[in-house]
Structures are given as structure tokens and as C-alpha cells.
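Notes follow the structure.
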Amino acid sequence: KVRAQAVRMLAKWQPEQALPILADVLPNAAPPEQAAAFVALADLNNTDADELLAEWVDRMGAGQVDPSVQLELFECAKTRASGGSEVLAASMKQWRDRMNQSDPHAWQQIAVHGGDVKAGRDIFYNNATASCQRCHFVKTEAHAEMAPEVGPELSGVGLSMNREEL
């Protein structure tokens with residue numbers, strides 16, 4: 001986590017020095033540092049950073065990116081493509097087209113791996129946009145007496161379903 005935070009800080013405080021360092025570090029970095037590097041590249045907001053992200057989107061299409069960071073890469077590339085990066089828009093389209101040839105839902109596999117339990121718990125309980133508790137509850141938590149009437153109770157759901165089912 002310290003290295004991942006350092007990567008983000010480098011891009012924020014010394015953006016002109018960050019790109020060559022990120023390009024050098026990315027291939028051998030651990031997944032958390034890779035995820036942080038993708039976010040840092042997206043934050044750099046320049047064409048060289050976009051080209052490096054596009055290279056990694058191409059690597060993802062070739063199966064050369066750790067599954068646990070593919071969603072982070074996808075989100076960063078999508079954000080920059082939506083912001084006007086033509087190179088990332090083209091790379092993302094090419095990746096999506098390749099994925100759709102085998103299965104129209106195959107691209108969604110990037111959401112199966114990775115994740116952060118603490119962040120997920122925070123989203124479940126505190127994210128107003130997601131509003132998970134409107135439909136779901138966890139029996140072992142203090143709010144169990146206020147069970148919703150729409151979605152299922154989620155205690156132990158990770159033990160009864162695999163990643164794809166979730």
C-alpha cells in the first residue's frame with residue numbers, strides 16, 4: 001500500500017517525472033502498484049500517458065495483464081477515452097470488439113477478480129448511489145432487525161456462490 005500511494009503522489013506532485021518512472025515500473029510491479037500506476041497515468045491527462053495506457057489495454061487483450069487489475073485499467077482507460085483520448089478510444093474499441101467475438105458478455109470477466117473487502121464494505125454501507133441496504137442486509141450486522149423486503153440477505157454469500165455467480 002505504501003508503494004501504491006507513492007506512485008499516486010509522484011504523479012500528483014511531479015507529473016513531468018512520473019511518466020518515464022511509471023513506464024519503467026509497470027511491467028514488474030505487484031498488482032496493487034500496477035492499479036495505482038494506471039490511476040496515476042489517467043490523472044496525468046496527457047497523450048503520452050494515454051499511449052502507455054493504450055499499450056496496457058492491448059496487453060490486457062492479449063491476456064498479459066493480471067486479472068486483479070484489469071477492471072482498474074479498464075476504468076482508467078474508459079475515463080480518458082471519454083475525455084477525448086482518441087488513442088484510448090481506439091484501443092478500447094479494439095479490445096471490446098475482440099472480446100465480443102467470443103461471447104458478448106466476455107468483457108465483463110474483468111470484474112470477477114480483484115476487489116477490496118474494506119472498500120466493498122464501505123460501498124455497501126455508505127455509498128448513497130449504490131444504496132445496497134435498500135434491498136439487502138447482512139444478518140450479523142447491527143441492522144439485521146430492519147431486513148429489507150426486496151433483495152436477499154447476504155451473510156455468507158461468498159461461501160455459497162463463486163465469483164462468476166456474484
Side-chain angles (χ1 to χ4, degrees), residues 1-9 11-12 22 25-43 53-54 56-83 85 88-89 91-166:
K1 290 189 175 189
V2 173
R3 286 183 186 162
Q5 186 61 28
V7 165
R8 285 189 218 106
M9 290 170 54
K12 184 176 182 176
L22 292 171
V25 166
L26 259 171
N28 300 311
E33 287 94 40
Q34 283 184 326
F38 296 143
V39 171
L41 285 168
D43 289 344
L53 279 171
W56 279 86
V57 169
D58 294 344
R59 288 183 185 201
M60 181 169 62
Q64 299 170 348
V65 175
D66 188 288
S68 67
V69 297
Q70 289 181 2
L71 182 58
E72 196 74 51
L73 173 58
F74 173 84
E75 289 295 327
C76 291
K78 182 177 83 170
T79 298
R80 292 292 305 131
S82 297
S85 171
L88 273 168
S91 187
M92 292 289 289
K93 182 182 180 333
Q94 185 179 30
W95 173 78
R96 188 78 169 267
D97 289 347
R98 265 189 309 225
M99 296 299 288
N100 286 342
Q101 288 175 357
S102 59
D103 172 2
H105 302 288
W107 70 272
Q108 296 170 337
Q109 287 296 306
I110 63 173
V112 172
H113 299 282
D116 179 323
V117 173
K118 185 177 177 183
R121 183 175 286 117
D122 185 55
I123 290 169
F124 182 86
Y125 287 110
N126 302 313
N127 186 305
T129 303
S131 297
C132 301
Q133 292 183 82
R134 285 188 177 179
C135 300
H136 301 283
F137 74 105
V138 177
K139 236 185 237 181
T140 58
E141 301 295 335
H143 304 292
E145 69 277 357
M146 298 170 53
E149 296 183 20
V150 179
E153 187 270 324
L154 297 177
S155 321
V157 71
L159 299 173
S160 62
M161 300 175 109
N162 64 37
R163 288 178 178 268
E164 287 80 13
E165 292 170 323
L166 291 171

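Not a single ring pair (Phe, Tyr, Trp, His ring centres under 6.0 Å) links F124 to another residue, sequence neighbours left out.
In this structure, N127 CG and Q133 CD are separated by 11.0 Å, a value rounded to the nearest 0.5 Å. Separating the CD atom in E75 from the NZ atom in K78 is a distance of 4.0 Å, to the nearest 0.5 Å. L41 contributes atom CG, which lies 8.0 Å from atom SG of C76 (distance to the nearest 0.5 angstrom).
Ion pairing between K93 and D97 holds under the 4.0 Å rule for side-chain N and carboxylate O.
Side chains of D43 and K12 form no contact here, defined as non-hydrogen atoms less than 4.5 Å apart.
Nearest approach of L88 to A54, heavy atoms of both residues: CD2-N, 3.5 Å. Here the shortest heavy-atom pairing between S91 and D58 reads OG-OD1, 2.9 Å. Between Q34 and L26, the shortest heavy-atom distance links the atoms NE2-O, 2.9 Å. The nearest pair of heavy atoms linking A42 to R80 is O-CD, 3.2 Å.
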I'd like a table of donor-acceptor pairs (distance under 3.5 Å, sequence neighbours excluded) in which one partner is a side-chain atom from residues 61-73, with atom names and distances.
| from | atom 1 | to | atom 2 | distance (Å) |
| --- | --- | --- | --- | --- |
| D66 | OD1 | S68 | N | 2.8 |
| D66 | OD1 | S68 | OG | 2.5 |
| Q70 | NE2 | V65 | O | 2.9 |

